[in-house]
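Predicted model, so just to flag it, every value in this text is computed and none were measured. Numbers restart at 1 for each chain; the letters A, B, ... are given by sequence-line order, proteins then strands.
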There are 2 protein chains.
Amino acid sequence: MSRGDARDRLVQAAIDLIWTSSYGAVSVDAICERAQVRKGSFYHFFASKDDLVVTALDTHWGTRRPVLDEIFSASRPPLQRLQRYFAHISERQGEVREQYGRVLGCFHHAVGSECVQKPTAVAAKAQELSLALRRYLETALRDAQGEGALPPGDPVAAAKSLFAFVTGALTQARVHDDLELLRQLPQTAWLALGMAGPPQRST
Amino acid sequence: MSRGDARDRLVQAAIDLIWTSSYGAVSVDAICERAQVRKGSFYHFFASKDDLVVTALDTHWGTRRPVLDEIFSASRPPLQRLQRYFAHISERQGEVREQYGRVLGCFHHAVGSECVQKPTAVAAKAQELSLALRRYLETALRDAQGEGALPPGDPVAAAKSLFAFVTGALTQARVHDDLELLRQLPQTAWLALGMAGPPQRST
DNA sequence: GTTGTAGATGACTGTTTAGTCAAGTTCGAG
DNA sequence: CTCGAACTTGACTAAACAGTCATCTACAAC
């Protein structure tokens, strides 16, 4: 086992275990066992369980961010960004289901809604990532309004509504291990913006 | 302390503690301390922690059900039922915030999304109640389509979308302790059904 | 007033938890 | 070869955990 390998395995084990069950149900021992790392090494790399979980949230976000950056690229028409994002969600969750055997929804959202109440570092990180994701929507909506592709209005409020719908759909998909709602997202999500359907291609 | 009082206090303590934090973060000892009941009495009334939580879910549902029955009364026009329900959500969460000092969203939904993965009695009960709630929406939508107040379509799929939006909004409201999104619900929820706005009063 | 029963009590068990630590190993730089 | 730093190890602690139990109390039925 090469240098730094154990650390990575711990982070990945934390992501796998917490995503497939929950923050509260996963112990340090369970993470260590899955990562094949001894307890002492765990605390060599991380100050606490929460420290690892924060790192896990950041690491996971690090894998999603470039994908989102591409989808929400400013070089793309704003409504097309959203359209691609909605399509991406069900594709992505299909991959997750293949990898983990189950639809899991959004990692940091699941952690976040479990840990909201006591303001720990974990809760703060989860909220930070949640907000970062919402801002992608916000920017796309603002741009869409700017070029008249969407009727004027408060883009922050619209992004909140749309985000609520998306996260709600992801959570339902997780609870019922059902991709159906997500597959409909490219059609139905536009309704939450007051549009009858997806925008027409302007080729 | 009169007969059965301790049992009720245990159930209420479980609701309070779990709703304000999470299932995994609340211990039997914490519930006992809050209810001012000794450990032995706990296991006199309940076979296990999970047994109490199932009872707590049922008890809480028992307080919401008559309210929902009234709102979704068949003697009311179906779109008016939905309109009242959307209004009720933000009113109710306003009450919750006053009582608990924080917006908490939906009790059984929070428990359910935390416990989905391992099929326990708690997870089963939470899913049962979640489905029961969704059926109120389903019936109203079917009735609305039946009398032509809503364009024809699959009422089950429409109820799923609407339910995703409502639960998403409730979860966001919980995470950010923010009633704003819920206050907008009576306006925005109709969009998820493909309608421009709330139905007109037919007096 | 004896007895049955529902409830209350606190001390108990065994397990799991997060986190610690001293003593090891590995390995590259000087 | 030597040294130090990065890393590993397994045994350890103290607290928290769910759940048990014999014993006590209150009270209602007879």
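Whole-Å rounding puts the B/Leu10 CG to C/dG7 P distance at 12 Å. Rounded to whole Å, the distance from OH on B/Tyr23 to C1' on D/dC17 is 13 Å. As rounded to whole Å, 17 Å separates atom P of C/dT26 from atom CG of A/Asp5. Between the CZ atom of A/Phe42 and the P atom of C/dA18 there is a distance of 8 Å, given to the nearest Å. One interatomic measurement links the two molecules: CZ of A/Phe46 to P of D/dC7, which rounds to 11 Å at whole-angstrom precision. If you measure from atom OH of A/Tyr43 to atom P of D/dA11, you get 18 Å, rounded to the nearest angstrom. The interatomic distance linking B/Glu33 (CD) with D/dC17 (P) rounds to 11 Å, in whole Å. Between the C1' atom of D/dT8 and the CZ atom of A/Arg9 lies a distance of 11 Å, rounded to the nearest Å.
In this structure, the separation between CG on A/Asp178 and CZ on A/Arg97 is 7.0 Å, given to the nearest 0.5 Å.
No more than 12 heavy-atom neighbours from other residues, nucleotides or ligands sit within 6.0 angstrom of CD on A/Glu98.
Note on B/Glu70 versus B/Arg84: salt bridge recorded, some NZ/NE/NH1/NH2 to OD/OE distance being below 4.0 Å. Under 4.0 Å is where a charged nitrogen must lie from a carboxylate oxygen, and between B/Glu128 and B/Lys125 at least one such pair does.
Every residue two or more places apart in sequence or in another chain that forms a ring-ring contact (aromatic ring centres under 6.0 Å, His included) with B/Phe72 is listed here: B/Tyr85, B/Tyr136. Not counting sequence neighbours, the partners of A/Phe107 by the ring-ring contact (aromatic ring centres under 6.0 Å, His included) test are A/Trp19, A/His60. Residues forming a side chain to side chain donor-acceptor pair (under 3.5 Å) with A/Asp51 (at least two apart in sequence, or on another chain): none.
Among the nucleotides C/dG10, D/dT8, C/dT17, the one closest to any side-chain atom of A/His44 is D/dT8.
Nearer the 5' end of DNA chain C, as judged by each residue's closest nucleotide, is the contact made by A/Val26, out of A/Ser41 and A/Val26.
Using a 4.0 Å cut-off on heavy atoms, the residues of residues 47-56 of chain A that approach DNA chain C are A/Ser48, A/Lys49, listed by number.
End-to-end axis angle for the helix from C/dG1-D/dC30 to C/dG30-D/dC1, using five pairs per end and rounding to 10°, comes out at 0°.
B/Lys39 contributes a side-chain N or O that forms a donor-acceptor pair with the base of D/dA18 under 3.5 Å.
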Tabulate below the donor-acceptor pairs under 3.5 Å that side-chain atoms of residues 22-33 of chain B make, not counting sequence neighbours, or state none.
from	atom 1	to	atom 2	distance (Å)
B/Ser22	OG	B/Ala25	N	3.4
B/Tyr23	OH	B/Asp50	OD1	2.3
B/Ser27	OG	B/Ala30	N	3.1
B/Asp29	OD1	B/Lys39	NZ	3.1

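You'll find the side chain of A/Lys160 stays beyond 4.5 Å of the side chain of A/Glu138, heavy atoms only.
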